[in-house]
*Asks:* 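Below is a structure I'd like to ask you about.
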Amino acid sequence: HHISNHCIIADDEKGHDLDLFCVPRHYENDLDKVIIPHGLIMDRTERLARDIIRDMGGHHIVALCVLKGGYKFFADLLDYIKSLNQNSDKSVPLTVDFIRVKSYCNDKSTNNVKVIGGDELSNLAGKVSLSDIVETGRTMETLLSLLSECNPKMVKVVSLLVKRTPRSSGYRPDYIGFEVPDAFLVGYALDYNEYFRDLSHICILNDQAKEKYKV
């Protein structure tokens, strides 16, 4: 069984001053600190790719990207998988599909989860891997029950971030990049009402910014 190994970012993690990294000017006053620098995200993602290939054992993978939050992680993860495919003795066939899941308005994960797209879900009778941030796990549980109707051989969930939160449904992905505090995180394609997708590092949003970018 795959042992869930992941990097843990502690609740009292000091993070890094914004001045130490390149952060878009227009966000300088919106962020408390950099909590996961971009380079660390990439290094961890490279290792996740290796673990996934090792465990998939040559099966056809349908990589299903959960938009929009997952797109950056998904693209980078696939790049690493692709490069492993090209440079090692074992390789896995890979196809890609996208679905969109909406469950956020402002900063509370709402209970009603909408799945948009992925009309080709019926083709998933092979094998699947998903990627996104898992907030409370409700979104993922909804999605997994939807997917199981397609009878895939196996579903593995890859998540860059898992939050330690009392709101969690207890759901744990198969592969986890980082376990993070229950703070409001933005950057690396994680947005707050569509802002901050253009920030490379994962940062903690400050309270003024929550007001400023409120819908």
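Model, not experiment: these values are computed from the prediction.
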*Asks:* Taking the basic N atoms (NZ, or NE/NH1/NH2) and the acidic carboxylate oxygens, is any pair closer than 4.0 Å for Arg47 and Asp43?
*Replies:*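 A salt bridge is absent here (no side-chain N lies under 4.0 Å from a carboxylate O).
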*Asks:* Using the test side chain to side chain contact (heavy atoms under 4.5 Å, CB included), find all partners of Ala49 that sit at least two apart in sequence or belong to another chain.
*Replies:*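 Once residues adjacent in sequence are excluded, the partners of Ala49 under the side chain to side chain contact (heavy atoms under 4.5 Å, CB included) criterion are Leu77, Tyr80, Ile81, Leu84.
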*Asks:* Taking the side chain as everything from C-beta on, heavy atoms only, tell me whether Val180 gets closer than 4.5 Å to Leu185.
*Replies:* yes
*Asks:* Would you check, one step at a time, whether the test side-chain contact (heavy atoms from CB on, under 4.5 Å) holds for Leu20 with Val34?
*Replies:* CA-CA 9 Å; Leu20 299 174; Val34 173; over 6 Å; no
*Asks:* I need the minimum non-hydrogen distance between Val162 and Ser159, along with the two atoms involved.
*Replies:*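 For Val162 versus Ser159, the nearest heavy atoms are CG2-OG, 4.2 Å.
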*Asks:* Looking only at atom types and distance, does a side-chain atom of Asn206 sit under 3.5 Å from a main-chain N or O of Ala209, one as donor and one as acceptor?
*Replies:* yes
*Asks:* Working to the nearest 0.5 angstrom, can you tell me the gap between Ile8 CD1 and Phe178 CZ?
*Replies:*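 Output value for this atom pair is 12.0 Å.
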*Asks:* What closest approach, in Å, do Lys210 and Phe184 show between heavy atoms, and which atom pair accounts for it?
*Replies:* CE-CB, 3.8 Å
*Asks:* Quick one: salt bridge (charged side-chain N to carboxylate O under 4.0 Å, His left out) partners of Asp11, sequence neighbours excluded?
*Replies:* Arg164
*Asks:* Where do Pro24 and Leu199 come nearest, in terms of heavy atoms and distance?
*Replies:*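 For Pro24 versus Leu199, the nearest heavy atoms are CD-CD1, 3.6 Å.
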*Asks:* Would you please name every residue forming a side chain to side chain donor-acceptor pair (under 3.5 Å) with Thr95, sequence neighbours left out?
*Replies:* His60
*Asks:* Nearest 0.5 angstrom please: Tyr192 OH to Leu190 CG, how far?
*Replies:* 14.5 Å
*Asks:* Which value, rounded to the nearest 0.5 Å, describes the distance between Cys203 atom SG and Phe196 atom CZ?
*Replies:*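 Answer for the SG-CZ pair, Cys203 versus Phe196, is 9.0 Å.
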*Asks:* Do you know which two heavy atoms are closest between Ser83 and Asn87, and how far apart they sit?
*Replies:* O-ND2, 2.8 Å
*Asks:* What are the two closest non-hydrogen atoms of Arg44 and Cys7, and how far apart are they?
*Replies:*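 That closest heavy-atom pairing would be CD-SG, 3.4 Å.
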*Asks:* Given side-chain contact (heavy atoms from CB on, under 4.5 Å), test Val155 with Leu144 step by step and report yes or no.
*Replies:* CA-CA 8 Å; Val155 177; Leu144 286 171; 3.5 Å; yes
*Asks:* Is it the case that the side chain of His201 and the backbone of Cys22 share a donor-acceptor pair, with hydrogens and angles ignored and the cut-off at 3.5 Å?
*Replies:*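 The answer is yes, because a donor-acceptor pair under 3.5 Å joins these two groups.
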*Asks:* Taking only residues at least two apart or on different chains, which pairs with a member in residues 22-35 satisfy side-chain hydrogen bond (donor to acceptor under 3.5 Å, both in side chains)?
*Replies:*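 Every side-chain hydrogen bond (donor to acceptor under 3.5 Å, both in side chains) pair that includes a residue of residues 22-35, provided the two are not neighbours, is Arg25-Glu28, His26-Asp198, Tyr27-Asp198, Asp30-Lys212, Asp30-Tyr213.
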*Asks:* Considering only residues two or more places apart or on different chains, which pairs with a residue in residues 73-85 satisfy salt bridge (Lys or Arg N to Asp or Glu O under 4.0 Å)?
*Replies:*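 Listed once each, the pairs are Lys72-Asp76, Asp79-Lys82.
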*Asks:* Do the non-hydrogen side-chain atoms of Val158 and Phe73 ever get within less than 4.5 Å of each other?
*Replies:*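 They are in side-chain contact.
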*Asks:* Please round to the nearest 0.5 Å and tell me the distance separating atom CD1 of Ile52 and atom CG of Leu94.
*Replies:*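 Between atom CD1 of Ile52 and atom CG of Leu94 there are 10.0 Å.
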*Asks:* Can you name the side chain to side chain contact (heavy atoms under 4.5 Å, CB included) partners of Ile41, sequence neighbours left out?
*Replies:*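 So Ile41 forms a side chain to side chain contact (heavy atoms under 4.5 Å, CB included) with Ile36, Thr45, Leu160, Tyr188, Ile202.
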*Asks:* Taking all heavy atoms of Asp97 and all of Phe74, pick out the closest pair and write down the distance.
*Replies:*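 Heavy-atom minimum between the residues: O-CZ, 4.4 Å.
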*Asks:* Measuring from atom CD of Glu13 to atom CD1 of Ile204, what distance do you get when rounded to the nearest 0.5 angstrom?
*Replies:* 8.5 Å
*Asks:* Could you go step by step and tell me if Tyr175 and His6 meet the side-chain contact (heavy atoms from CB on, under 4.5 Å) rule?
*Replies:* CA-CA 8 Å; Tyr175 302 93; His6 51 272; over 6 Å; no
